[in-house]
Protein chains: 2
Amino acid sequence: MDQGFTGPAHLVLMASLARGHLIQGRSKIELAAEFGLSRFKVARLIDEARDSGLVRIEIRHHGAIDVDLSARLAERYELTHSVVVDTPEDDAASLREHLGRAAAELLNEVITAKDVLGLAWARAVSAMARSLRPLPGTPVVQLTGALTVPGGRDTSVDVVREVASSSGGTAHVFYAPFTVPDAATARALRQQPEVARAFGRLPSVTKAVAGIGLWEPGQSTLYDASSESDRQELHRLGVCADVSGVFLDIDGRPVHTELAERMIGIDYAQMRAIPELIAIPYGVAKAPAVRAALRSGLVGGLVTHTALARLVLDDG
Amino acid sequence: MDQGFTGPAHLVLMASLARGHLIQGRSKIELAAEFGLSRFKVARLIDEARDSGLVRIEIRHHGAIDVDLSARLAERYELTHSVVVDTPEDDAASLREHLGRAAAELLNEVITAKDVLGLAWARAVSAMARSLRPLPGTPVVQLTGALTVPGGRDTSVDVVREVASSSGGTAHVFYAPFTVPDAATARALRQQPEVARAFGRLPSVTKAVAGIGLWEPGQSTLYDASSESDRQELHRLGVCADVSGVFLDIDGRPVHTELAERMIGIDYAQMRAIPELIAIPYGVAKAPAVRAALRSGLVGGLVTHTALARLVLDDG
DNA sequence: AGGCACGTCGCTCATCTGAGCAGTCGGCAT
DNA sequence: ATGCCGACTGCTCAGATGAGCGACGTGCCT
């Protein structure tokens with residue numbers, strides 16, 4: 001930002017060359033001829049203009065998407081897709097709507113006829129489904145059992161069927177709860193032909209959508225639905241995030257839990273095998289969970305809002 | 001400024017590539033490898049980012065000089081040097097001071113030991129002289145006779161001597177008024193050894209400084225000092241600007257006047273021969289005169305203020 | 001089904017560009 | 001004067017880049 005001593009002529013010369021090259025796109029050789037300089041001097045002056053801050057390059061967008069934050073997130077965490085929605089709102093329901101719409105747009109844009117879509121259950125996923133335009137005959141696979149939420153309208157099954165039917169693709173669903181009281185029941189349920197059939201499709205899933213939960217009250221549907229002993233047990237194991245039933249510690253490493261044996265849903269290895277998992281986290285409290293999920297390498301796409309994105313980037 | 005339809009993923013991809021290339025300076029080939037694209041696609045996406053306005057390149061400067069306007073003026077009128085001082089002031093005296101300082105800086109920067117400096121009489125030139133640091137032994141030549149201004153402190157002779165003495169160069173001065181009552185007297189004066197000697201140095205002048213006057217009351221020292229009949233005569237001839245006694249019409253063509261024969265000072269041909277004439281106009285009213293002077297091709301350097309620069313550029 | 005129009009993609013080739021290097025000049029102490 | 005130092009300049013050469021082109025795929029109309 002400093003500048004040694006530069007007289008006005010030098011300053012204006014730098015500006016003229018910077019204009020000619022960077023804005024009008026003329027070649028340095030052409031400018032050199034016009035100004036009677038060597039092309040090397042032109043190059044040095046333009047470099048000096050950039051270094052001294054005379055030229056500023058700024059990436060911004062008139063619209064709902066903060067492209068700069070998005071790009072930085074994508075770069076930092078090697079994400080395939082990243083969408084940061086620029087909204088000042090901080091009430092959870094309206095964030096969910098906005099992110100749902102953005103995620104729907106993203107999915108509509110990136111999905112191809114060859115993809116197989118997996119959907120986990122999360123309120124944001126449900127919001128996305130509502131904004132989604134028909135996909136090109138995409139088969140849709142249910143990733144998790146149903147979790148009944150007070151006031152929630154759709155179950156995981158409903159969302160999967162809705163998306164599949166509007167897209168003209170097959171819905172691979174099963175009716176089972178997300179968690180059951182004991183491991184034996186869970187094993188039995190997984191043997192059910194319907195469930196086994198849906199799970200059999202998991203390896204073919206190429207894109208999936210999920211939420212991210214923080215293992216704290218009110219920050220994870222699964223937490224809120226768990227027993228007090230499970231909550232504490234997972235805390236003790238160092239669980240920080242849950243990604244549709246897959247538990248991660250603060251560094252993104254998978255945590256094996258006894259609870260997982262009592263759940264009907266995708267497991268860590270299966271999730272890892274999905275080429276692109278798109279997550280839709282929201283709410284500033286979830287920053288640590290989002291970082292954990294990003295570090296895990298499970299997540300290939302992120303749809304979130306400015307405040308959370310900034311927190312996630314701020315230290316990581 | 002428009003943008004066809006681009007989904008969020010496309011938008012963010014453009015932003016990521018633009019960041020990588022334009023800001024971090026990585027090569028398109030490197031980015032292509034990293035993103036799994038061809039270098040051609042990378043180039044096209046970056047072009048699209050520029051065209052769609054996603055990337056903005058801005059040239060600005062924290063300081064007294066509006067480098068962008070300066071560069072635009074220089075480009076439009078093929079000026080060697082152009083300095084637009086960014087000042088909100090519009091009172092003539094303070095403008096004069098600011099421009100004088102800027103012109104002094106410019107002159108100090110661009111003058112070399114081989115230059116010969118010519119100075120016309122103008123209040124802005126006088127202001128410049130006061131801010132000028134010593135030049136490298138530059139000879140200084142007086143271009144015009146003396147014009148006595150009510151309240152003006154320096155004559156053309158004083159300014160030339162002052163600059164020359166502080167620089168350690170020779171002062172080529174002559175004592176004669178700028179205008180005399182008849183052509184015969186003017187001829188006689190030009191024969192004077194002292195005057196002839198100074199005029200003999202004119203062809204060696206490499207850089208000169210002058211003001212620009214608009215042929216209207218209060219916009220030209222020369223106008224104000226002229227007789228009513230001269231004023232009207234020159235109006236009739238289409239005189240728009242005077243550049244230290246050289247008269248130009250609105251398109252910058254020289255206007256031959258009978259008044260010129262009664263003046264002791266540089267003429268059009270001699271002025272045209274000066275490699276770089278730096279003009280210091282100020283005051284928004286003078287815009288037409290400045291355009292005329294710039295179109296004439298006489299002026300190679302301009303020092304002015306934002307408001308006038310903008311007017312000059314706005315249509316030309 | 002075939003043909004057409006359009007858009008997209010990646011190639012070739014000539015040009016542009018950057019990194020590093022050697023020559024030149026002015027300032028300065030000896 | 002003489003020789004050194006640092007700043008600046010323009011060169012070489014290899015790598016990066018852009019313009020233009022044909023190939024390909026897609027959707028649409030006949």
Side-chain angles (χ1 to χ4, degrees), chain A residues 2-14 16-52 54-55 57 80 108-115 133-138 167-168, chain B residues 2-7 9-14 16-52 54-55 57 80 108-115 133-138 167-169:
Chain A
D2 73 331
Q3 52 182 99
F5 177 73
T6 51
H10 188 233
L11 222 48
V12 173
L13 182 58
M14 289 194 297
S16 301
L17 294 171
R19 274 182 63 81
H21 186 64
L22 300 174
I23 296 182
Q24 302 170 348
R26 297 195 279 157
S27 87
K28 296 181 182 177
I29 290 180
E30 183 188 345
L31 291 166
E34 180 179 326
F35 284 76
L37 304 168
S38 76
R39 71 183 181 87
F40 306 97
K41 187 151 184 78
V42 172
R44 283 179 185 123
L45 284 166
I46 293 177
D47 287 350
E48 189 182 345
R50 304 223 295 170
D51 297 346
S52 71
L54 192 65
V55 171
I57 297 173
T80 312
N108 270 307
E109 188 185 0
V110 302
I111 215 156
T112 70
K114 287 167 190 152
D115 277 311
R133 279 166 291 127
L135 302 169
T138 312
S167 305
Chain B
D2 72 331
Q3 51 180 99
F5 177 71
T6 50
H10 188 234
L11 222 48
V12 172
L13 182 57
M14 288 194 296
S16 301
L17 293 172
R19 276 181 62 81
H21 186 63
L22 300 174
I23 296 183
Q24 302 171 348
R26 297 195 280 157
S27 87
K28 296 180 184 178
I29 292 179
E30 183 188 344
L31 291 166
E34 179 179 327
F35 284 78
L37 304 167
S38 78
R39 71 181 179 88
F40 305 97
K41 188 153 184 76
V42 171
R44 284 182 186 122
L45 284 166
I46 292 177
D47 287 349
E48 188 183 346
R50 303 222 295 171
D51 297 345
S52 70
L54 191 64
V55 170
I57 298 174
T80 313
N108 270 306
E109 188 183 1
V110 302
I111 215 155
T112 71
K114 287 168 191 152
D115 278 313
R133 279 166 290 127
L135 303 168
T138 312
S167 305

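Sequence lines set the chain letters: A, B, ... in the order given, protein chains first and strands last, and positions in each chain run from 1.
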**Student:** Distance check needed: D:dT17 P versus B:E30 CD, whole Å only.
**Tutor:** 10 Å
**Student:** Using the side-chain heavy atoms of A:R39, tell me which of these nucleotides is nearest: D:dA19, C:dT17, C:dA19.
**Tutor:** C:dT17
**Student:** Atom CD1 of A:I46 to atom P of C:dA19: distance rounded to whole Å?
**Tutor:** 14 Å
**Student:** Between A:H21 and A:K28, which heavy-atom pair has the shortest distance, and what is it?
**Tutor:** NE2-CE, 3.3 Å
**Student:** Any side-chain N or O of B:K28 below 4.0 angstrom from OP1/OP2 of D:dG18?
**Tutor:** yes
**Student:** In whole Å, what is the span from the CG atom of A:L45 to the P atom of D:dG10?
**Tutor:** 11 Å
**Student:** If you check the B:H21 side chain, which of D:dT17, D:dG10, D:dC13 turns out closest?
**Tutor:** D:dT17
**Student:** Which residue is it: B:V55, B:L22, B:L31? I am looking for the one with a side-chain contact (heavy atoms from CB on, under 4.5 Å) to B:L17.
**Tutor:** B:L31
**Student:** Hey, does the side chain of A:K41 come within less than 4.0 Å of D:dT9's phosphate (OP1/OP2), counting only N and O?
**Tutor:** yes
**Student:** Nearest whole Å is fine: how far is C:dT8 P from B:L37 CG?
**Tutor:** 15 Å
**Student:** Side chain of B:F40 only, please: which of D:dA19, C:dA19, C:dC16 is the nearest?
**Tutor:** D:dA19
**Student:** What heavy-atom pair brings B:A18 and B:A49 nearest, and what distance separates the two atoms?
**Tutor:** CB-CB, 4.5 Å
**Student:** What is the distance, to the nearest angstrom, from the CD1 atom on A:I29 to the P atom on D:dT17?
**Tutor:** 15 Å
**Student:** Round to a whole Å and report the spacing from CZ of A:R50 to C1' of C:dG18.
**Tutor:** 12 Å
**Student:** To the nearest Å, give me how far apart CG (A:D47) and P (C:dG20) are.
**Tutor:** 13 Å
**Student:** Taking atom C1' of D:dG15 as reference, at what distance in whole Å does atom CG of B:L31 sit?
**Tutor:** 15 Å
**Student:** Quick check: do B:T80 and B:V110 have side-chain heavy atoms less than 4.5 Å from each other?
**Tutor:** no
**Student:** For a 4.5 angstrom cut-off between non-hydrogen side-chain atoms, does A:L45 reach A:H10?
**Tutor:** yes
**Student:** Ignoring hydrogens and angles, are the base of D:dG10 and the side chain of A:R44 linked by a donor-acceptor pair under 3.5 Å?
**Tutor:** yes
